[in-house]
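For reference, the structure is listed below as structure tokens.
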Amino acid sequence: MKKQSANTVIVLDFETTGLSPNMGDRAIEIGAVKIENGQVVDQFQQLMNPGFRVSSFIEGYTGISNYMLADAQPCDVVMNDFADFIQGYNLIAHNASFDQRFLDAELQRIGRRYNGEFACSMLIARRLYQHASNHKLGTLVNTLDIENDGTFHRALADAEMTARLWLRMLEDIQHQYRTPSLTFDAMHKLSKTSKATVPTYLRKLALS
DNA sequence: TGCCAGGCCCTCTTTAGGGCCTT
């Protein structure tokens with residue numbers, strides 16, 4: 001097993017058949033990038049066949065068709081590979097509670113586990129960019145002028161944009177509060193800090 | 001055809017309700 005690295009994180013995004021694994025929804029695509037010391041050093045992207053047809057809403061929303069999924073490997077195979085990819089690293093997603101539910105559900109089906117912490121870029125963005133009209137990934141990417149190729153709602157594209165958002169937030173904190181580059185643990189803690197005490201928390205980090 | 005969940009967070013709050021965000 002790889003040793004957990006404080007400077008290496010995995011940013012991931014699932015496309016799914018719906019909103020709730022408890023209601024029978026499954027993953028249909030996983031995309032992820034590995035960030036090491038502020039640079040993307042690896043990526044993972046796979047479609048997966050959930051074993052039933054996806055709705056026309058999901059086909060339209062994601063651009064992933066039943067035709068594309070017909071040739072994809074089953075979820076169990078893809079998720080087994082993905083469990084290897086994430087092993088030993090901390091994880092990040094935009095609205096992480098959603099992706100964590102699907103990750104937990106898919107890994108439970110195949111008896112695999114992961115050993116990292118999960119942090120949410122949306123909770124941090126809500127604290128840092130309170131002026132933004134909303135905190136959807138696409139809105140933040142446009143508001144902050146983050147590089148993108150116009151692809152949204154595909155797993156790897158969304159994971160890449162979330163990774164750029166994460167790095168941008170690290171930069172903005174560093175510049176605005178004159179802190180050293182925050183560790184994953186410090187960012188994770190920030191995501192759970194009440195909005196009112198965020199400036200106090202960051203100023204304390206700048207002095208430490 | 002149209003609906004489903006759940007954690008966070010604000011407020012007209014905490015013995016609650018509803019918007020935001022993810023697909």
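The chains referred to below are lettered A, B, ... by the order of the sequence lines, with proteins before strands, and numbering in each begins at 1.
- Per the geometry, CZ belonging to A:Phe152 stands 15 Å off C1' belonging to B:dC21, to the nearest Å.
- Looking at the side chain of A:Lys195, the nearest of the listed nucleotides B:dC21, B:dC10, B:dT23 is B:dC10.
- Distance from the side chain of A:Arg127 is smallest to B:dC9 among B:dC9, B:dC4, B:dT23.
- As judged by a 4.0 angstrom heavy-atom cut-off over every strand, A:Ser194 is placed among residues making no nucleic acid contact.
- At the heavy-atom level, A:Asp25 lies nowhere under 4.0 Å from the strands shown.
- Among the protein residues, A:Leu123 comes within range of the sugar-phosphate backbone only, with heavy atoms under 4.0 Å from sugar or phosphate atoms but none that close to a base.
- Annotation: side chain to side chain donor-acceptor pair (under 3.5 Å) contacts of A:Ser56 (sequence neighbours excluded): none.
- Distance noted for atom P between B:dC12 and B:dG18: 14 Å (whole Å).
- The phosphate of B:dC21 has neither OP1 nor OP2 within less than 4.0 Å of any side-chain N or O from A:His94.
- B:dT22 and B:dT14 have their P atoms separated by 29 Å, given to the nearest Å.
- The 5' end of DNA chain B is approached more closely, in terms of each residue's nearest nucleotide, by A:Thr193 than by the other of A:Thr193 and A:Tyr61.
- We find the SG-CG distance between A:Cys120 and A:Leu91 to be 12.5 Å, quoted to the nearest 0.5 Å.
- Taking the C1' atoms as reference points, B:dG17 lies 25 Å from B:dT23, given to the whole Å.
- One P atom belongs to B:dG19, the other to B:dT13, and the distance between them is 16 Å to the nearest Å.
- Salt-bridge formation is detected for the pair A:Arg112/A:Asp84: a Lys NZ or Arg NE/NH1/NH2 atom is positioned less than 4.0 Å from an Asp or Glu carboxylate oxygen.
- Heavy atoms of A:Phe14 sit under 4.0 angstrom from primed sugar atoms or phosphate atoms, though from no base atom.
- In this structure, A:Tyr61 and A:Phe57 have parallel ring planes: the angle between them is below the 30° cut-off, well short of the 60° mark.
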(request) Might you work through the side-chain hydrogen bond (donor to acceptor under 3.5 Å, both in side chains) test for A:Thr139 and A:Asn134, ending with a clear yes or no? (result) CA-CA 7 Å; A:Thr139 302; A:Asn134 63 58; 2.8 Å; yes
Table of protein N/O atoms under 3.5 Å from nucleotides 17-20 of chain B N/O atoms:
unit_1	atom_1	unit_2	atom_2	d
B:dC20	O2	A:Arg126	NH2	3.4

(request) Please lay out, stage by stage, how A:Asn7 and A:Glu36 fare under the test side-chain hydrogen bond (donor to acceptor under 3.5 Å, both in side chains). (result) CA-CA 6 Å; A:Asn7 293 323; A:Glu36 196 170 290; over 6 Å; no
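- For A:Asn95, whose side chain is taken as the heavy atoms from C-beta onward, the closest listed nucleotide among B:dA5, B:dC21, B:dT23 is B:dC21.
- Taking NZ of A:Lys189 as the reference point, atom CG of A:Leu182 lies at 11.0 Å (rounded to 0.5 Å).
- Spacing between B:dC4 and B:dC9 at atom C1', rounded to whole Å, works out to 23 Å.
- Each of A:Ser191 and A:His153 was assigned the nucleotide of DNA chain B with the nearest heavy atom; the assignment lying further toward the 5' end belongs to A:Ser191.
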